[in-house]
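Below is one structure, written out as structure tokens; the observations come after it.
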Number of protein chains: 2
Amino acid sequence: MSRRTRSDNSIQGIPEATIARLPLYLRALYALADRDTACVSSEELATAAGVNSAKLRKDLSHLGSYGTRGVGYDVDYLIYQVSRELGLTQDWPVIIVGAGNLGRALANYGGFATRGFRVAAMIDSDPLIIGTSIGGHRVFGPDEIERVVTRFGVMIGAITAPATSAQSVCNRLVAAGVTSILNFAPVVLTVPDGVDVRKVDLSIELQILAFHAQRRSASKAHPTAEPPAVNGCEPPSVNGKRPVTQQVTRQAHDEVTAEAIGS
Amino acid sequence: MSRRTRSDNSIQGIPEATIARLPLYLRALYALADRDTACVSSEELATAAGVNSAKLRKDLSHLGSYGTRGVGYDVDYLIYQVSRELGLTQDWPVIIVGAGNLGRALANYGGFATRGFRVAAMIDSDPLIIGTSIGGHRVFGPDEIERVVTRFGVMIGAITAPATSAQSVCNRLVAAGVTSILNFAPVVLTVPDGVDVRKVDLSIELQILAFHAQRRSASKAHPTAEPPAVNGCEPPSVNGKRPVTQQVTRQAHDEVTAEAIGS
DNA sequence: TAGATTGTTAATCGATTAACAATC
DNA sequence: TAGATTGTTAATCGATTAACAATC
């Protein structure tokens with residue numbers, strides 16, 4: 001009657017922020033297990049994962065009561081519980097759409113196989129690539145998406161195709177039954193309810209870094225120069241001079257990350 | 001006296017969440033500009049960026065009052081303002097450390113150059129690679145980091161090296177003067193105050209997807225089987241049976257994403 | 001029993017959202 | 001002036017954190 005705290009919290013409601021940190025804890029736990037550490041306190045584990053201990057305990061409490069007061073957490077046991085919560089005790093076939101540089105990098109990704117993820121197949125539209133093998137994985141044409149997904153029971157797809165074809169690729173994946181998508185293309189994908197999209201966007205990360213870098217070096221350099229006057233789209237004065245957008249490169253703000261990486 | 005709302009909010013405090021969305025708005029704005037749209041309402045822009053309009057307006061209000069009530073936002077003008085805020089009106093030389101698959105993908109990244117980012121140099125420790133060119137960029141040895149950073153005034157570094165060397169690479173970058181780091185290696189980097197680290201971790205993204213995928217297919221499949229009994233590290237009973245951690249692959253939870261991708 | 005550390009409570013902080021007054 | 005849409009306020013929601021009672 002006291003071992004099953006689990007049901008209380010986790011059945012429907014583990015916060016997204018917590019879920020996003022579980023893989024971090026898992027990684028730290030594996031590192032500890034490799035060093036044959038049998039037991040760990042929230043303080044130690046938190047440090048290893050780069051968070052504070054209150055947050056760690058709160059996060060773990062969403063899964064259940066898997067620690068021992070006055071002692072700590074059993075490393076192997078916690079690995080098991082976190083893995084199970086994340087769904088890593090089963091095998092996940094993944095389909096990779098787009099065999100450009102990034103798609104290839106993904107396919108060669110060593111940790112893939114060992115982590116419970118397995119490349120089911122790669123897809124590309126280039127006739128020269130179709131039929132070849134990349135990292136030991138056969139490359140199929142786009143028309144084979146449905147067949148591959150059905151055949152291997154694929155639920156997870158990675159889109160490493162160009163931004164221009166990302167949405168149509170996405171549609172095909174969803175139509176075939178894929179419900180989880182890792183999107184490397186720099187576009188906002190539209191998907192039906194029940195489909196989960198996560199985005200990896202190199203260009204956005206760089207821009208965020210640039211913001212902070214600018215801040216740091218801005219102590220003096222910040223040009224307090226007044227911005228070009230607003231002219232409000234169309235309403236009043238017609239001769240309001242437009243700001244100099246030229247500085248900022250305009251063209252091609254669309255073919256970023258995905259085909260981006262991977263031409 | 002009314003045009004400069006800017007100073008009020010933005011000098012010290014634009015929320016991180018807002019900054020992370022600015023690149024999204026910028027991309028949507030460029031798409032509009034490409035279609036020669038001169039003016040856009042918060043409603044339209046928000047839809048294009050995949051957020052709701054209240055959030056968009058709130059975000060933009062942190063930069064200043066750049067819209068016109070009853071009308072909307074001037075596309076070109078807003079592009080200029082957002083770009084400036086993100087620091088994209090200047091050129092950012094980037095150093096890429098690790099010329100594996102991912103590093104190469106990055107170096108070939110077309111959007112890089114057009115976006116205000118420029119590959120200053122690539123670094124790798126493999127003697128066979130040093131001296132060659134990748135995507136038009138010369139590859140140097142690790143000992144050249146300091147020189148390259150100084151010479152080109154590099155402030156941003158991307159770590160695509162193996163997890164095992166990521167921290168030492170990071171130390172070298174920081175010592176050389178790099179203050180913004182985009183880390184693709186699956187490790188928690190330790191950096192001094194004032195250095196900004198952003199993480200791109202494929203393995204974590206996949207695990208989060210797996211969690212949701214499991215949830216979706218769990219309606220019935222969820223094994224309510226009681227978890228192995230806790231045995232609390234070391235304290236009481238010595239014969240408490242350990243859970244079956246074998247299911248979950250144990251080895252190599254460390255060489256993931258970076259060298260991961262890019263062997 | 002004394003010492004240690006968890007799991008949880010409650011306070012705080014920040015981010016989202018709806019609603020509307022300001023104003024073009 | 002009437003219609004439209006911004007910028008801002010205030011309410012709500014969720015996430016973080018410190019602190020401590022429960023308990024090994």
Side-chain angles (χ1 to χ4, degrees), chain A residues 2-10 12-22 25 39-47 49-75 77-78 81 229-237 240, chain B residues 2-10 12-22 25 39-47 49-75 77-78 81 229-237 240:
Chain A
S2 72
R3 174 93 296 125
R4 236 164 63 300
T5 324
R6 182 165 194 287
S7 26
D8 308 333
N9 272 325
S10 77
Q12 267 305 327
I14 300 185
E16 270 301 313
T18 294
I19 293 162
R21 283 187 294 264
L22 291 181
Y25 302 153
C39 187
V40 67
S41 71
S42 63
E43 192 63 43
E44 296 166 317
L45 184 54
T47 302
V51 303
N52 81 34
S53 65
K55 192 188 282 183
L56 172 80
R57 287 198 300 279
K58 183 93 205 198
D59 282 342
L60 293 183
S61 77
H62 289 292
L63 312 192
S65 292
Y66 297 142
T68 306
R69 291 171 201 237
V71 180
Y73 300 89
D74 182 285
V75 172
Y77 184 63
L78 198 52
Q81 291 297 349
V230 172
N231 56 18
C233 302
E234 13 195 82
S237 87
Chain B
S2 69
R3 174 94 295 126
R4 235 165 61 303
T5 324
R6 184 165 192 287
S7 26
D8 308 332
N9 271 325
S10 78
Q12 268 306 327
I14 300 184
E16 270 301 313
T18 294
I19 293 162
R21 282 187 294 264
L22 291 181
Y25 303 152
C39 185
V40 67
S41 71
S42 62
E43 192 62 42
E44 296 165 318
L45 184 53
T47 301
V51 303
N52 81 34
S53 66
K55 191 186 282 182
L56 173 81
R57 287 198 301 279
K58 182 93 203 196
D59 282 343
L60 292 184
S61 78
H62 289 292
L63 313 192
S65 292
Y66 297 142
T68 306
R69 293 173 199 235
V71 180
Y73 299 90
D74 182 286
V75 172
Y77 184 65
L78 197 52
Q81 291 297 349
V230 172
N231 57 15
C233 301
E234 11 194 84
S237 86

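Residue numbers begin at 1 in each chain, while the letters A, B, ... track the order of the sequences. What you see is a predicted model; the values in this text were computed from it and never measured.
The two residues A:R57 and A:S42 come nearest to each other via the heavy atoms NH1-OG, 2.9 Å. Across B:H62 and B:G13, no two heavy atoms sit closer than the pair ND1-O, 4.4 Å. The minimum heavy-atom distance between A:A46 and A:L56, with the atom names listed, is N-CD2, 3.9 Å.
At least one side-chain nitrogen or oxygen of B:R21 sits closer than 4.0 Å to the OP1 or OP2 atom of C:dT16. A sub-4.0 Å separation between OP1 or OP2 of C:dA22 and a side-chain N or O of B:R57 is absent. Between A:Y73 and C:dG7 there is a side-chain polar atom (N or O) within less than 4.0 angstrom of OP1 or OP2. The shortest distance between the side-chain N/O atoms of A:T68 and the OP1/OP2 oxygens of D:dC24 is not below 4.0 Å.
Nearest nucleotide to the A:A17 side chain, out of C:dT16, D:dA15, D:dT6: D:dA15. If you check C:dA21, D:dA18, D:dA15 against the side chain of B:R69, the one that comes closest is C:dA21. Of the candidates D:dT9, D:dT16, C:dG7, the closest approach to any side-chain atom of A:S61 belongs to C:dG7. Comparing D:dA15, C:dA15, D:dT16 by their nearest atom to the side chain of B:P15 picks out C:dA15.
Across the protein-nucleic acid pair, B:K55 atom NZ and D:dG14 atom C1' stand 13 Å apart, rounded to whole Å. Between the C1' atom of D:dT5 and the CG atom of B:N52 lies a distance of 15 Å, rounded to the nearest Å. The nearest whole Å value for the distance from the NZ atom in B:K58 to the C1' atom in C:dG14 is 11 Å. The CG-P distance, from A:L56 to C:dG7, rounds to 10 Å in whole Å. Whole-Å rounding puts the A:L60 CG to C:dT8 C1' distance at 14 Å. Following rounding to the nearest Å, A:E16 (CD) and D:dA15 (P) show an atom-to-atom distance of 8 Å. When the P atom of D:dA4 is taken as reference, atom CD of B:E44 falls 14 Å away, rounded to whole Å. For the pair A:E43 CD and C:dG7 P, the computed distance is 15 Å after rounding to whole Å.
The main-chain N or O of B:E44 is found under 3.5 Å from a side-chain atom of B:S41 such that the two form a donor-acceptor pair.
Using the Watson-Crick or G-U wobble rule with both distances under 3.5 Å, C:dA4 pairs with D:dT23. Here D:dC13 sits opposite C:dG14 as a Watson-Crick or G-U wobble pair (both hydrogen-bonding atom distances under 3.5 Å).
Nearest-nucleotide assignment on DNA chain D puts the 5′-proximal partner with A:A54, out of A:G70 and A:A54.
The aromatic ring centroids of A:Y66 and A:Y73 lie 6.0 Å or more from each other.
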